[in-house]
Number of protein chains: 2
Amino acid sequence: MDFDPDGSIDHAGPVPPYRQLAGILAARVGRGDWQPNRAIPSEAHLVQEYGVARATVRRSIAVLVDQGVLFVVPQRGTYVKGPALP
Amino acid sequence: MDFDPDGSIDHAGPVPPYRQLAGILAARVGRGDWQPNRAIPSEAHLVQEYGVARATVRRSIAVLVDQGVLFVVPQRGTYVKGPALP
DNA sequence: GCCTATTTGTACGTATGTATT
DNA sequence: TAATACATACGTACAAATAGG
């Protein structure tokens, strides 16, 4: 576990914030906080919630997109990947 | 062709600079400007040469790493991918 | 061993563009 | 028309690892 599942970012420790946040967001997906094929909060919202720069939020999201956890629809939002819609 | 092979970045056109630069760098590799398993110029050098921000250079490099054209050795440099060394 | 320069890694803030609602 | 949301780009700063003298 290289992140705090409760959701606070440690700006001092050895794990970079973008990886902590990726872990936190992945945990929220796993916990069902956000449902498949539904948008997660906007980048601006995550900036406010976690106290990091937008570039850091975007980098975290990029990690999860790469892992197949999320997908991004430009100008729409970032979504939780789930089974194909019928 | 969505970039200028001669190497100038168009900051006005529809193709984002990071993709133009990725194309330019790939062309230089293809042309043999830089040899396999040899370092390309540093990020700072490319910033100077092409008049873009370092973030843009890094993004261009990331594209080419993703395409298998380059690879990065942290704290050492960015290299042209080539056949495995004997 | 020590200091310095080089190079990539990470993060911040800000601004503008584009598409959708 | 205006607000929202992601895309791109700029500049700046500091950290960490490496290499050389």
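The sequence lines fix the lettering, A, B, ..., with proteins before strands; numbering per chain opens at 1.
The pair B:R28-B:E49 meets the salt-bridge criterion, with a side-chain N (NZ, NE, NH1 or NH2) lying under 4.0 Å from an Asp/Glu carboxylate O.
Judged by closest nucleotide on DNA chain C, B:I61 is the one of A:V15 and B:I61 placed further toward the 5' end.
B:Y79 and B:V69 end up in different hydrophobic clusters when Ile, Leu, Val, Met, Phe, Trp and Tyr side chains are linked at under 4.5 Å.
Rounded to whole Å, atom C1' of C:dT8 lies 12 Å from atom CD1 of B:I40. A straight line from CD of B:E43 to P of C:dT10 spans 11 Å, rounded to a whole angstrom. What separates OH of B:Y79 from P of C:dT7 is a distance of 10 Å, to the nearest Å.
A:S60 places no side-chain N or O within donor-acceptor distance of the main-chain N or O of A:L21, the cut-off being under 3.5 Å.
Using a 4.0 Å cut-off, no side-chain N or O of B:T78 falls inside it from OP1 or OP2 of C:dT7. Between B:S42 and C:dT6, a side-chain N or O to OP1/OP2 separation shorter than 4.0 Å is absent.
Atom-to-atom distance recorded for B:W34:CH2 and B:L25:CG is 5.0 Å, nearest 0.5 angstrom. The structure places CD1 of A:I61 at 11.0 Å from OG1 of A:T56, a figure rounded to the nearest 0.5 Å. Here the straight-line distance linking atom NZ of A:K81 with atom CG of A:N37 works out to 10.5 Å at 0.5 Å rounding.
Looking at B:D10 and B:Q20, their side chains come closer than 4.5 Å, going by heavy atoms from C-beta outward.
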### Task
Assign a letter to each nucleotide of nucleotides 13-21 of chain C from its 5' end: B, base within under 4.0 Å of a protein heavy atom; S, sugar-phosphate only; -, no contact.
S---BBBSS
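First and last contacts of DNA chain D with chain B, using any nucleotide atom under 4.0 Å from a protein heavy atom and ordered 5' to 3', fall at D:dT8 to D:dA19.
None of A:L46, A:V73, A:I40 except one satisfies the side chain to side chain contact (heavy atoms under 4.5 Å, CB included) rule with A:T78; the exception is A:I40.
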